[in-house]
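Everything quoted here is computed from the prediction, not taken from an experiment. Note that ligands are numbered from 1 as they come in the structure, with each ligand's atoms numbered from 1 the same way. All residue numbers refer to positions in the sequence shown, counting from 1.
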Amino acid sequence: MPALTDPLLYSAGDPHEVWRRLREDSPVSWHEYGEHGGYWAVTTHAAGLEVLTEWERFTSTKGIFLRPNFKDPYPGAGTMMALSDPPRHDLLRKAIMGLFTARAVSKMEERTRGVVKSALQGVVEAGRCDFVKDIAARIPLAVSAELLSISMDDVEMLAKVTTEAAENSTDIEGVEAQQAHVEILRHYSEIITEKRRNPGQDLVSALTRAQAEGLDISDDEVILTCDNVIVAANETTRQAVGAGMLALLESPEQWQALRAGELRLKTAAEEFLRWTAPVTHILRTAQHDTVLEGVQIRAGDAVTVWLPSLNRDEKVFDRPERFLLDRTPNHHVSFGGGGHFCIGANLARLTIRVMLDELARLPAEIEVSGEPRRIASYILGGLTSLPLEFRPR
Ligand code: HEM
């Protein structure tokens, strides 16, 4: 069986077949990896949610993604929001939660729709595009600009360097990736200075306000939190939109139903999320000896939850291998579960729903015009390229 940590499994292989066998034979299985032994892989819905929801047993403070040297200290571990447990996690989350409520997010619909419309219009006029680069990558940027309340030009610059950092990130120590990141961080410190002078309804202002009110968070942590949120928002939403579009074009009857207005867009967006599951795994570390699905886990063991596998668990989903835009119920876990449940879920849902709405109205026939390329990564799933052709209809 190919290793779950082999990037080629995701770019050229069939990870769903590997996960299916693991769900069937061994829902909690041990895998050798890296310099420190190995990790547990959890592939079923029930066991995965147990890990994600019980922070007293499985902590986030040692990192949330596997690395070959994952027992070495992780930068920001125990202090950054995504890498902390209660009570610190609750305080950090509360400081920025106001920006992500359903009400706050609904105010972003108009701007998101404007950006989606103009991006789609541009590619229809051009007659072709790489859907991942020209559409799926651009749309979450508008959302980020809104969150940071900075201009689209600035956010374009951030995106350019963020993408450079991400594209070079297979070579984790890559000099270019590091330089790109230094540039991003320098830009954020300028934003902090500006927002202290002129606070608004944005991420940096929310964090510096909480800092002034006594929250124990340094300027560097404010910067890293913003960086984390923007990366978490852009990379994942891009993948849900890009890989979801391919699934849509590969299912002509679903595409027709969408265009005919026969589907509820909110329901369809959930299936996009279930199907694409952009975050491939999440890591937790056992706080003490514990038993999971009858398997003995030792304190300090790395425990990984494979979200796309949970989303195809036959015990929870009817015909899980089918892409069905009217699927209800749909208990997917693409946003995780428990206290770290994706804070941007409302925003991601809005983006996908608006995208589907505008696609359905597009006066063009759309076809895949070249080989889609999948990402070689066991952290983020999706496409690096999806060439499409647009013909007026
Ligand atoms: C399709 C899009 C998205 C997917 C699939 C996704 C997925 C996830 C997942 C699985 C987690 C849980 C991580 C864990 O348990 O350790 C998470 C957390 C998080 N997400 Fe998202 N996300 C998406 C969009 C966004 C957006 C749009 C934002 C912000 C604007 C965002 C910001 C965050 C943050 C800050 C966390 C950490 C929350 C915490 O630690 O309490 N995400 N996301």
Side-chain angles (χ1 to χ4, degrees), residues 42 48-49 51-55 58-66 74 76-101 104-105 108 112 136-137 139-148 155 202-203 206-207 224-244 269-285 303-308 310-311 332-356 379-382:
V42 181
L49 277 181
V51 174
L52 295 178
T53 51
E54 296 187 28
W55 65 269
F58 303 103
T59 178
S60 290
T61 58
K62 309 281 187 234
I64 58 169
F65 297 119
L66 268 177
Y74 194 89
T79 56
M80 298 298 302
M81 183 170 72
L83 305 176
S84 59
D85 289 339
R88 181 170 174 81
H89 175 254
D90 297 343
L91 294 174
L92 290 169
R93 197 161 160 123
K94 200 166 139 240
I96 62 169
M97 194 61 216
L99 292 165
F100 299 97
T101 59
V105 164
M108 297 196 199
T112 308
I139 291 156
L141 291 181
V143 172
S144 305
E146 189 95 8
L147 268 181
L148 291 174
V155 92
D202 55 76
L203 197 55
L207 287 165
L224 273 175
T225 303
C226 293
D227 187 44
N228 278 357
V229 171
I230 300 309
V231 172
N234 282 301
E235 303 297 321
T236 51
T237 311
R238 170 199 318 203
Q239 297 315 331
V241 168
E270 294 308 307
E271 183 68 346
F272 250 57
L273 286 159
R274 181 189 77 91
W275 188 258
T276 57
V279 176
T280 306
H281 81 270
I282 296 178
L283 169 79
R284 296 288 187 260
T285 304
V303 181
T304 55
V305 179
W306 297 79
L307 302 179
L310 272 58
N311 281 356
H332 71 76
V333 292
S334 297
F335 292 126
H340 290 276
F341 181 86
C342 177
I343 203 168
N346 287 328
L347 219 43
R349 287 179 160 130
L350 167 81
T351 310
I352 297 170
R353 176 170 60 73
V354 166
M355 177 79 214
L356 285 171
I379 297 176
L380 187 72

Should the proximity of [X] to ligand 1, defined as any heavy atom under 4.0 Å, be assigned to the side chain, the backbone, both, or neither?
| X | answer |
| --- | --- |
| L307 | side chain |
| V143 | neither |
| R284 | side chain |

Can you find an N or O of R93 that's nearer than 3.5 Å to an N or O of ligand 1?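 Yes, since at least one N or O of R93 sits under 3.5 Å from an N or O of ligand 1.
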If I apply the N/O under 3.5 Å rule, does S60 come out as touching ligand 1?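 In this structure, S60 places no N or O atom under 3.5 Å from an N or O of ligand 1.
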Considering only heavy atoms of [X], which atoms of ligand 1 have at least one such atom less than 4.0 Å away?
| X | result |
| --- | --- |
| L347 | 30 (C) |
| F100 | 29 (C), 30 (C) |
| A82 | 40 (O) |
| P278 | 5 (C) |
| L147 | 30 (C) |

Residue-ligand contact [X]/ligand 1, heavy atom below 4.0 Å:
| X | value |
| --- | --- |
| L52 | no |
| I96 | no |
| Q239 | no |

Residue and atom name of the nearest protein heavy atom (relative to atom 13 (C) of ligand 1), distance in Å to one decimal: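 Among all protein heavy atoms, the one nearest atom 13 (C) of ligand 1 is I282 CD1, 3.8 Å.
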Which residue and non-hydrogen atom of the protein lie closest to atom 1 (C) of ligand 1, and at what distance in Å?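 Protein heavy atom at minimum distance: L273 CD2, 3.5 Å.
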What's the spacing between T101 OG1 and I343 CD1 if we round to 0.5 Å?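 Between T101 OG1 and I343 CD1, I get 10.0 Å after rounding to 0.5 Å.
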Protein N/O/S count near atom 21 (Fe) of ligand 1 (criterion: distance under 2.8 Å):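 If we list every protein N, O or S atom nearer than 2.8 Å to atom 21 (Fe) of ligand 1, we get 1.
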The one among H340, E146, M80, M108 that brings a heavy atom closest to atom 40 (O) of ligand 1: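 Among H340, E146, M80, M108, the closest heavy atom to atom 40 (O) of ligand 1 comes from H340.
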Considering S334, G338, G382, P140, which one's heavy-atom position lies nearest to atom 7 (C) of ligand 1?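 Shortest heavy-atom distance from atom 7 (C) of ligand 1: S334.
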Between H281 and L66 (side chain of the first, backbone of the second, donor and acceptor by atom type, cut-off under 3.5 Å), is there such a pair?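 Present.
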